Visitor: 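A single structure is presented below for examination.
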Amino acid sequence: MKNNKLSILLRGIIAENPVLILILGTCPTLAVTGNVTSALSMGLAATVVLICSNVVISALRKVIPDTVRVPCYIVIIAAFVTAVQMLLQAFLPSIYEMLGVYLALIVVNCVILGRAEMFARKNTVLDSAFDGLGMGLGFILALFLMAFIREVFGAGSFMGIELGFMQMFKIPVLAAAPGGFLVYGILIAIMNKLTEKKGGVKKKSFSCEGCPSASVCTAKTCLNNEQKEEVENA
Amino acid sequence: MKNIKPTLVLSCICMAVALILSAINMITGPIIEAQRNAAANEALLEVMPNGTGFEELTDLASLGLPESITNAYKETSGNGYVFRVVSTGYKSGMVIMVGIDAEGKITGTKCLETQDTFGKEPQIDNTYNGQSLADFAPNMITGATMTSAGYRDAVNTALQSFVLASGGKLDPAITLEGKITELAPGFTAPEAIETSGSFKKILKASNDAGFAYISSDGETAFLTLVSATGACAVFDAEGNAVTDAHADLAEEAKAHASANQKSYTEDLSAKITRLYADASEITSIETPLFNTVVSAVSFKSNGADYYGFYSRSSGYKMMDVYVIIDANGAIANLDAKAFFFDEEYFHVDDTVNLTDYKNGFVGQNAVGDNAMISGATMTSNAIKQSTADAFDAFNSVKGGAQ
C-alpha cells in the first residue's frame, strides 16, 4: 500500500512529468521561467491549487454528475486559484506582482484540469492528494530546471543575484521568449532520450485518453468533423 | 427530472465556492486595500517623510486653490499638506510634488514628470526644504533658467496654496505681484531688487521698462507702477486705479524710480541724429503707458514733426528697437541695435535682406504682418510687439492720455 502511494508520488516527478512528458501547462512554463524566483513561486502556487483541487474533486467524485463535471471542476479550480491570488496579494505582494496575469491563468492550466480528469475523479482522496503532490513537484522541478538554465546562462544571474563570472559568457536569447522554446525543446529531447533507454515510457496518458475531453469524444465524430471541414474548405 | 441533479450540484458548488471566497476576501480585502494606499502614498511620503497617512482634498476650487494644483493631500495627523502642482518650464507638463508642514515650511519637493530635456530637475529636488512663504528664495540653475523658473513657480504656488488650504488668507501683496504682468504687460520678467522706504517689495522690469512697488500692511496692499517714460499709477488689491487717493505712494515711487531708472533717451537721441542729420528740438516726452517703450522723444526734421520711440522687448534675446513715427502716425524709420535672425534656430540671415525688411515698415500706420520672418519667430514677435507699443505710445501722446 505504502509502495503504491510512493509510486503515485514518483510517477508525477519523472515518468509522467506533466511538463516534460505529458507536455501540459506549456504556457506558464514558457512565460515564467525567465528567472528562478518566479518559476518557483509559480510552481508552488500551481502545486497548492493542484493538491487542493485534486482532494476536493476526488472527495466529490461520487456527487458530481458526469454531464456537468467539467464546469464543476473549473469552478472548484477557479475558487482555489482566486483564493491563492487573494492571499498572495495580501501577504506576498511582490510575488503577486511578479507572476502577474499568469497567476490567474492557473485556472486553465492543463496540468490541473488534466489531473482532475485523468486521476482525481477515479481515485481516492489520499491517492489524489499524492498524485497532486507528485505532479506538483514534477511541475516545480521542470520549471526550476528551465528557469535555472535560462536565468544562469541567459541572464547571468541566479534568483536575481548577479553572477559575476557568467557576465562574460551569457547568451541573452535564452532569457528572451525564443530561448524559452529552445530550452523547452532541448529538455524534452533529453527526457525522451533518457526514457527511451529504459525501454520507453508507456505514453498511456499522452494518447487520446489523456485528453480532458476523451470520455465525451468519439474518434469517429472527430474524423467526421475533420472530413466535413476538408470538404467545406475544398 | 434527469437534468435537475446536475443543475443542483453545480449550483451548490458555486454557492459554496462563493461563500468561501467571500470569507477569504473579508480577511485579505482590508490588507490589500491598505497596501494600495501605501503604494499611492509612497510619492507623498517622499516629500513628507514623517507623514503617517494622507487624505485627498476634494473640491479644490472652493478652497480657492489655483488651477495648477491638480491634487492636494492633507496629512491625517495634522502634519501639513502635500500639493501636486503642474507647472511650465521650457515646455508645459512639469509635475512637481511639494510637501509643506504645519508651520508652512517645505518638507520636500520632487519633480515627478517633465518634458524639459536638460534633466536638471533632480538638482532642484529638495533644495527648497525648510523655506516658507516669508523667506522664499528661488533656486536658479545655470543653463536651465526656464526649468528653474517653472520649478520656482510650482513651489511658490504650493506655498500660497498651503495658506489657503489651511484656512488662512493670502497677503494681498502676493496677489498683487501676480497682477504686475497684467497691468504692465511691457514689464518683462520683473525681478525683486533691494527695497527702500515704505515699500515691502520693489521689482524691476528686466527690460528696464519700469519699476513695480508693492506696499502692504498685511490687510490692504497697493501696487505702484512707474514706467521708464514717466507714467505712474497706483492700484489696489483688486487692480483698480487709486492714484489720486494715494499720491504719497506715487510720489515716493517716482522718486525712487528717477534715481534708479536707466535712461535710454541719450541713446535714442544719438540714433535720431544719425538717421536725421538735421534733427532739432529733441525733447523727452511722457507716455502714460506701461509697455515696452523705455524712452520717447519728439523732434523736428526738415520742418516736420516726428516722434521717436525706443522699445525693449524680449524675443530670442532682448531687442532694442527704434521706431520713428511721423506726425501723421506712419512709420518713418525702423531699426534695431541687432536683429538676431542669424542666431535663431534656423539661421535665416541669408534669406533676409535687412534693408528691405526695415523699409517694409516705412509708411505703415498700424501693426502689419511684415514683421514676421519665418524661421525667426521669437525675434519677429519681439519686433511686432515693439511696433505695436510704439503705435500705442504715439496714439497716447497725440490723442491725449488714454
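Just so it is clear: chains get the letters A, B, ... in the order the sequence lines come, proteins before strands, and each one is counted from 1. Quick caveat: nothing in here was measured; it's all calculated off a predicted structure.
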Visitor: Decide side-chain contact (heavy atoms from CB on, under 4.5 Å) for B:F83 and B:I96; before the verdict, give the C-alpha distance in whole Å, the side-chain angles of both, and the deciding distance to 0.1 Å.
Guide: CA-CA 8 Å; B:F83 297 98; B:I96 292 165; over 6 Å; no

Visitor: Strictly less than 4.5 Å between heavy atoms, which residues of residues 26-51 of chain A line up against chain B? Please order them by number.
Guide: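 Within residues 26-51 of chain A, no residue comes under 4.5 Å of chain B, counting heavy atoms only.
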
Visitor: Is there a donor-acceptor pair under 3.5 Å between the side chain of B:N156 and the backbone N or O of B:R152?
Guide: no

Visitor: Heavy-atom distances under 4.5 Å only: say whether B:L10 touches chain A with side chain, backbone, both or neither.
Guide: both

Visitor: Any idea how B:Y151 and B:Y128 line up, ring-wise: parallel (<30°), tilted (30 to 60°), or perpendicular (>60°)?
Guide: parallel

Visitor: Can you find a side-chain donor-acceptor pair between B:E75 and B:T52 that sits under 3.5 Å?
Guide: yes

Visitor: With chain B, which of A:P71, A:A83, A:P65 has the greatest number of heavy-atom pairs at distances under 4.5 Å?
Guide: A:P65

Visitor: A side-chain contact here means heavy atoms from C-beta on lying under 4.5 Å apart; do A:N123 and A:S58 qualify?
Guide: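 The answer is no, as the side chains (C-beta and beyond) never meet within the 4.5 Å cut-off.
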
Visitor: Just by distance, no angles: are the side chains of B:S87 and B:D153 close enough, under 3.5 Å, to form a donor-acceptor pair?
Guide: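 Checked: B:S87/B:D153 side chains show no N/O donor-acceptor pair below 3.5 Å.
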
Visitor: In terms of the angle between their ring planes, are B:F54 and B:Y73 parallel, tilted or perpendicular, with boundaries placed at 30° and 60°?
Guide: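 The rings of B:F54 and B:Y73 stand perpendicular, inter-plane angle above 60°.
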
Visitor: Among A:V63, A:I76, A:T67, which residue forms the greatest number of heavy-atom pairs with chain B at distances under 4.5 Å?
Guide: A:V63

